[in-house]
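For the single chain, residues carry numbers from 1 onward in sequence order. Computed over heavy atoms, backbone and side chain alike; hydrogens, waters and symmetry mates excluded.
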Amino acid sequence: MQKFLNDKLMPALYKFSQYKVLIGIRDGLTIIIPFTIIGSIFLILGNFPVQAWLDFVAPYSRFFDSVSNVTFSVLGLLAAIGIGYNMAVQYDVEPISNTALTVIAFLLATEADDGSINLDNFSAAGMFTAILVSIFVTFTFKYFLDHKIVIKLPDGVPPAVSNSFVSLIPGAAIIGIIWLIRVVFNIDINTCISLLFSPLVKGVASLPGFIIYLLLYSLLWMVGIHGDLMLEGIVTPIWLALFAENAAALAAGQPIPNVMSDALVAIF
């Protein structure tokens with residue numbers, strides 16, 4: 001068993017974990033962590049399960065809800081910002097331009113049928129769209145840079161101005177492609193991506209999926225490999241989405257829908 005783990009399973013998992021895409025997703029999602037903690041604190045303060053406390057804070061519940069609502073309502077947008085930046089770092093493109101393009105592409109991909117910004121998709125509901133859009137933007141930007149399909153200004157031009165023009169042609173291509181899909185062909189990108197990832201979400205959110213994750217996690221640690229870093233690029237978006245659903249249900253006074261979530265993993 002030890003030989004199989006060391007010679008077969010671990011090298012394969014280690015190689016898989018070193019893909020730049022997974023590193024970009026993993027590092028990009030760390031931007032969300034402080035806001036989920038802050039939002040959770042206010043959520044607990046406003047819904048602490050002691051009746052005397054609930055009665056006391058009832059007149060002030062909106063003050064607590066204001067923070068938790070804001071933090072949990074923008075997890076998808078924050079994911080687009082964080083992953084867009086870290087994907088740029090991994091693939092050596094200009095980070096600020098890549099981040100800005102990712103945010104614009106995410107907004108366009110998740111807009112409503114009438115062309116307005118759909119705030120509902122700023123939450124965890126848009127997290128998987130943020131991940132795929134970040135990957136698409138970075139790869140497209142990198143392709144244009146590698147093939148020198150960009151506008152190059154003279155050396156004397158300030159870098160900030162020069163970088164903005166470098167992103168002009170790639171940005172037009174990126175926005176144009178997403179515009180065609182979402183607006184011209186009227187394809188709901190966010191819904192399609194959510195359906196695409198739904199089997200994975202259901203699998204990881206189930207007890208067997210959770211056990212398999214913990215088994216792999218523990219096996220990695222047994223042979224001296226950091227289990228978190230190896231697997232969290234895959235499972236963290238799912239855990240965070242389930243956690244956000246639980247937080248929204250708690251704030252609305254509804255039953256908690258998901259047993260498996262980022263909170264359970266941390267406590268376990």
Side-chain angles (χ1 to χ4, degrees), residues 24-25 28-29 31-33 35-36 38-40 42-43 62 65-87 97-141 167 171-202 205 236-254 257-258 261-262:
I25 294 172
L29 288 174
I31 192 176
I32 293 176
I33 295 174
F35 301 103
T36 58
I38 295 169
S40 297
F42 279 85
L43 187 63
R62 65 183 181 87
D65 292 343
S66 63
V67 176
S68 58
N69 288 341
V70 168
T71 51
F72 286 110
S73 294
V74 294
L75 294 185
L77 181 60
L78 288 174
I81 295 170
I83 299 172
Y85 183 88
N86 282 279
M87 286 287 291
S97 297
N98 197 73
T99 304
L101 281 174
T102 299
V103 171
I104 296 299
F106 172 76
L107 295 176
L108 184 58
T110 58
E111 72 174 13
D113 290 337
D114 62 359
S116 62
I117 293 177
N118 190 342
L119 297 178
D120 291 338
N121 291 332
F122 282 21
S123 65
M127 189 171 298
F128 293 112
T129 300
I131 292 172
L132 291 189
V133 166
S134 302
I135 295 171
F136 167 71
V137 169
T138 306
F139 282 9
T140 305
F141 201 174
S167 64
I174 290 165
I175 293 171
I177 291 170
I178 295 180
W179 172 75
L180 281 173
I181 297 172
R182 181 66 190 100
V183 179
V184 177
F185 298 124
N186 196 29
I187 297 173
D188 192 332
I189 297 174
N190 193 66
T191 299
C192 292
I193 291 175
S194 297
L195 290 174
L196 178 67
F197 278 91
S198 60
L200 179 61
V201 173
K202 291 179 180 178
T236 298
I238 301 173
W239 296 138
L240 285 172
L242 296 174
F243 178 69
E245 289 180 7
N246 288 349
L250 177 61
Q254 300 172 352
N258 305 304
S261 71
D262 189 59

- Just jot down the side chain to side chain contact (heavy atoms under 4.5 Å, CB included) partners of Thr110, sequence neighbours excluded, or say none. Phe106, Asn121, Thr129, Asn190
- Using the salt bridge (Lys or Arg N to Asp or Glu O under 4.0 Å) rule, collect all pairs that involve residues 65-83, keeping only residues at least two apart or in two chains. none
- Message: My understanding is that only residues two or more places apart in sequence, or in another chain, count here; which of them pass side chain to side chain donor-acceptor pair (under 3.5 Å) with Thr191?
- Response: Asp188
- For Ala112, the side chain to side chain contact (heavy atoms under 4.5 Å, CB included) test, sequence neighbours excluded, returns Asp114, Ser116, Asn118
- Item | Nearest heavy-atom neighbours spanning Ala105 and Ile174 | CB-CG2, 4.2 Å
- Item | Interatomic spacing from CG in Leu108 to CD1 in Ile189 - rounded to 0.5 Å | 7.0 Å
- Message: Do Leu29 and Pro237 have side chains that approach each other closer than 4.5 Å (heavy atoms only, starting at C-beta)?
- Response: yes
- If you take all heavy atoms of Leu75 and Ala124, which pair is closest and at what distance? CB-N, 4.2 Å
- Message: Under the side chain to side chain donor-acceptor pair (under 3.5 Å) definition, can you give me all pairs with a residue in residues 130-141, not counting sequence neighbours?
- Response: Asn98-Thr138
- ring-ring contact (aromatic ring centres under 6.0 Å, His included) partners of Phe128, counting only residues at least two apart: Phe197
- Message: Phe139: which residues meet the ring-ring contact (aromatic ring centres under 6.0 Å, His included) condition with it, sequence neighbours left out?
- Response: Tyr91
- Message: Quick one, Ile32 and Met127 - any side-chain contact, counting heavy atoms below 4.5 Å?
- Response: yes
- Query: Under 4.5 Å between any side-chain heavy atoms of Ile83 and Thr102, yes or no?
  - Reply: no
- Message: Strictly by salt bridge (Lys or Arg N to Asp or Glu O under 4.0 Å), give each pair with a member in residues 101-111 just once, sequence neighbours left out.
- Response: none
- To the nearest 0.5 angstrom, please state how far the CG atom of Leu43 sits from the CG atom of Leu250. 4.5 Å
- To the nearest 0.5 Å, tell me how far Leu78 CG sits from Ile33 CD1. 12.0 Å
- Which heavy atom of Leu101 sits nearest a heavy atom of Gly171, and at what distance? CD2-CA, 3.4 Å
- Item | Closest non-hydrogen atom pair between Ser194 and Ala125, with its separation | OG-O, 4.0 Å
- Task: State which residues pass side chain to side chain contact (heavy atoms under 4.5 Å, CB included) with Asn258; sequence neighbours excluded, sorted by chain then number.
- Result: Leu242, Glu245, Asn246
- Item | Contact check, side chains of Phe136 and Ile178, non-hydrogen atoms, under 4.5 Å | yes
- Does anything in residues 172-186 pair up under salt bridge (Lys or Arg N to Asp or Glu O under 4.0 Å), and if so which pairs, sequence neighbours excluded? Asp113-Arg182
- Query: Is it the case that more than 12 heavy atoms not belonging to Ile177 sit under 6.0 Å from its CD1 atom?
  - Reply: yes
- Item | CG on Leu132 to SG on Cys192, rounded to 0.5 Å | 11.5 Å
- Residues two or more places apart in sequence or in another chain: which of them pass ring-ring contact (aromatic ring centres under 6.0 Å, His included) with Phe72? Phe243
- Message: I need the full list of salt bridge (Lys or Arg N to Asp or Glu O under 4.0 Å) pairs touching residues 120-137, with sequence neighbours left out, sorted by first then second residue.
- Response: none
- When rounded to the nearest 0.5 angstrom, what is the spacing between CD1 in Ile38 and OG in Ser68? 12.0 Å
